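Just so it is clear, the model here is predicted, and its values are computed rather than measured. In what follows, every chain begins at residue 1, and chains take the letters A, B, ... in the order their sequences are listed. Scope of the values below: all heavy atoms of this structure, side chains included, with no hydrogens, waters or symmetry mates.
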Amino acid sequence: MTVTLEVSGLSKTYGSGEQAVQAVRDASFSTQPGAFVAVVGPSGSGKTTLLAMVGGLLTPTAGTIVVNGRDIAGLSRSQQAAYRRESVGYVFQANNLLPFLTARENLLVMAQISGTARKAARARADRLLAELGIEGRAGALATELSGGERQRVAIARALMNDPGLVLVDEPTASLDSARGRQVVESLIREVKQRGKLGLMVTHDMDMAKLADRILAMHDGLMTEVEKS
Amino acid sequence: MTRGTGAAGVTAVIGLLEIRRRKLQFILIALIVTLISYLVLMINGLGVGLNEQAGSALKNFDADAIAYSERAGLSVIRSELSAELVAEIRQRFGDESSAPLGYLAANYQAADGEIDSAAFLGFEPGSIGEPKVTKGRMLTADDRDGLLVDRSFLRYSGLDVGDAVRVSIRLVERDYVIIGETNEGNFFFQPSVYLLRSSWQELKYGKSGSDVPAASIMLLKGKGTAGSRGSGWIAVDKSTAFANIEGVSGQQSTVQALRVFGYLIGGLVIGVFFYVLTLQKIGQIGVLKAVGASSFFVFRQVLLQVLAISIAGVAIAIPLAWLTNRALQQVPNPVPIAFTTGTFLVTSALLVLMAAIGAAFSGRQVAKVDPIIALGQQQ
Ligand SMILES: Nc1ncnc2c1ncn2[C@@H]1O[C@H](COP(=O)(O)OP(=O)(O)OP(=O)(O)O)[C@@H](O)[C@H]1O
Ligand SMILES: [Mg+2]
């Protein structure tokens with residue numbers, strides 16, 4: 001279950017010719033099991049692009065992404081889907097819940113996708129919702145939730161299948177700082193206890209400081225920020 | 001507001017949950033499916049009904065094969081068998097397994113004075129050509145002016161058992177008495193009326209005896225009767241005989257074409273509906289795929305929805321079609337629609353199958369959705 005990640009020479013160019021955008025340029029870093037890494041940087045600097053490549057949603061233009069010894073950069077579409085299903089929990093920048101399902105059902109869909117037994121799935125869903133302080137909203141439709149509640153449901157959904165990689169894109173944007181801190185701390189706890197890998201994009205430097213390491217993106221270039 | 005997750009807390013499948021939460025949308029589609037199913041069911045009922053109208057009496061004969069004169073080209077109208085031929089065929093198959101039958105289309109006068117036509121069948125009491133009497137009694141050799149008429153004859157004519165009826169053909173008019181009622185159905189698109197074979201000869205040829213044809217056809221029973229032939233006659237099985245009734249094959253191919261179009265349109269409409277629905281949901285499909293769902297998982301949800309909707313539509317259409325048929329049978333000149341359990345089962349199964357095939361349109365679309373769109377999605 002412990003996860004190691006080695007990224008090297010990772011690049012992503014959108015489009016081609018005059019339209020080409022170099023969203024990520026030659027990024028390299030590696031992590032140990034239980035690492036929780038923050039990614040910061042201005043809007044458009046390539047943070048989401050980096051996360052999506054590590055999450056098996058985007059195929060890199062160049063470079064390797066080795067997860068537990070296996071390069072996932074060159075996977076086929078269906079292999080990518082299997083990788084996402086088995087190893088990745090992703091919290092999208094726009095939380096992307098299914099609007100016609102309740103908070104709990106949005107979590108249970110994950111169990112259906114992975115083929116987990118229903119009873120166990122339901123218990124886990126309720127526990128995750130309780131840990132994130134939204135057990136009272138379990139039966140509400142996604143469209144009836146507040147922005148912050150939706151974000152927490154999205155985090156619970158990402159943790160539902162107990163993935164080795166927890167990738168979260170701006171998880172605290174709609175949360176007040178106290179609540180945001182709580183959520184990030186529980187994410188860090190989850191990652192540490194199980195030797196997983198956490199990658200969190202954030203604008204908030206206070207949140208970033210809770211992480212073990214901070215990577216800064218600027219115009220697609222990555223640098224490590226010394227924590228002071 | 002709190003919503004359940006299905007009976008006993010069991011997770012309902014996401015495709016079915018969507019139907020439950022987007023009721024109006026899916027009810028509208030189910031309504032269209034119901035209407036199409038209803039139409040296809042009625043067409044199929046019409047096919048069976050027309051078939052019955054063409055000649056259920058022929059199908060009801062207690063026989064396996066029908067013998068015609070060799071040159072009749074399997075036409076009951078043109079077939080005539082001489083007394084010698086009838087005797088020869090009888091000798092070959094035995095009295096228990098063969099019976100001569102005369103056919104003649106003639107007019108009669110209904111209770112209200114209207115002239116209508118019927119199929120007059122000359123038979124021999126006690127032979128396999130004898131119909132089953134459901135009211136009144138069977139003819140005896142003495143009932144030279146007696147008739148056994150089909151139930152539908154009584155309905156159309158307004159006459160009843162015991163009434164007199166005037167029959168006319170060419171310049172001849174004869175009076176008969178209705179002795180009994182049968183339920184053999186139509187012969188040659190007209191209600192069947194049974195009379196003694198000798199009376200049929202008199203009606204058709206003006207006299208009875210051996211110097212006029214003895215029958216139009218012979219009914220044959222037993223193995224080996226179909227396909228047999230002799231000098232001057234040829235026998236075919238009942239279903240071949242039925243298909244050779246003038247007008248039947250054209251009629252059935254028309255109905256068949258309507259039926260095929262019905263199924264095609266049904267599959268197409270359902271396919272297009274779910275295709276559009278799939279296009280509308282590309283964002284959500286992208287999210288499902290982004291969190292690891294395979295295209296097959298997503299397509300299974302679509303297929304499940306199509307099956308649920310089409311089964312619901314068909315299930316509503318069946319009683320509707322049945323009730324319509326009952327109502328139509330009440331009018332004086334009923335539309336020839338008939339339903340059998342087989343019609344319902346086969347039609348329903350084919351409609352659901354066509355819907356599933358229609359759903360395949362969406363399969364390609366689902367496979368094409370790139371999970372990357374989940375990154376740009378706003379709720
Ligand atoms: N699908 C795409 N096609 C073309 N260009 C893209 C695409 N997605 C992102 N880009 C571009 O790539 C660059 C990096 O985008 P990315 O979404 O990774 O930024 P980000 O750091 O996540 O920004 P934000 O903080 O606003 O979310 C931007 O210039 C963006 O316009
Ligand atoms: Mg971003």
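The CD atom of Gln112(A) sits 7.5 Å away from the CG atom of Leu17(B) when rounded to the nearest 0.5 Å. Taking CD1 of Ile372(B) as the reference point, atom CG of Leu58(A) lies at 3.0 Å (rounded to 0.5 Å). Note that the CZ atom of Phe296(B) and the OG atom of Ser78(A) stand 13.5 Å from one another [nearest 0.5 Å].
Counting only heavy atoms from C-beta outward, the side chains of Pro371(B) and Gln80(A) never approach each other to under 4.5 Å. Side-chain contact between Val291(B) and Arg84(A): absent, with no pair of heavy atoms (C-beta onward) separated by less than 4.5 Å. Between Ile14(B) and Leu98(A), some side-chain heavy-atom pair lies under the 4.5 Å cut-off.
Heavy atoms of Met110(A) lying under 4.5 Å from chain B belong exclusively to its side chain.
Under a 3.5 Å cut-off, the side chain of Gln93(A) and the backbone N or O of Leu375(B) do not form any donor-acceptor pair. In this structure a side-chain-to-backbone donor-acceptor pair under 3.5 Å is present from Arg21(B) to Phe100(A). A side-chain donor-acceptor contact under 3.5 Å links Asn96(A) to the backbone of Ala374(B).
Here Glu18(B) is the residue among Arg22(B), Glu18(B), Lys289(B) with the most heavy-atom pairs under 4.5 Å with chain A. The candidate from Met160(A), Lys119(A), Arg157(A) with the greatest count of non-hydrogen atom pairs under 4.5 Å with chain B is Arg157(A).
Atom OH of Tyr14(A) has more than 12 heavy atoms from other residues, nucleotides or ligands within 6.0 Å. Residue Arg127(A) places its CZ atom among more than 12 non-hydrogen atoms of other residues, nucleotides or ligands, all under 6.0 Å distant. Heavy atoms from other residues, nucleotides or ligands lying under 6.0 Å from NE2 of His218(A) number 12 at most.
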### Task
Apply side-chain contact (heavy atoms from CB on, under 4.5 Å) to the pair Ser295(B) and Arg77(A), showing each step before the final yes or no.
CA-CA 10 Å; Ser295(B) 294; Arg77(A) 280 187 69 163; 5.9 Å; no
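When all heavy atoms of Arg85(A) and Ala293(B) are compared, the closest pair comes out as NH1-C, 4.2 Å.
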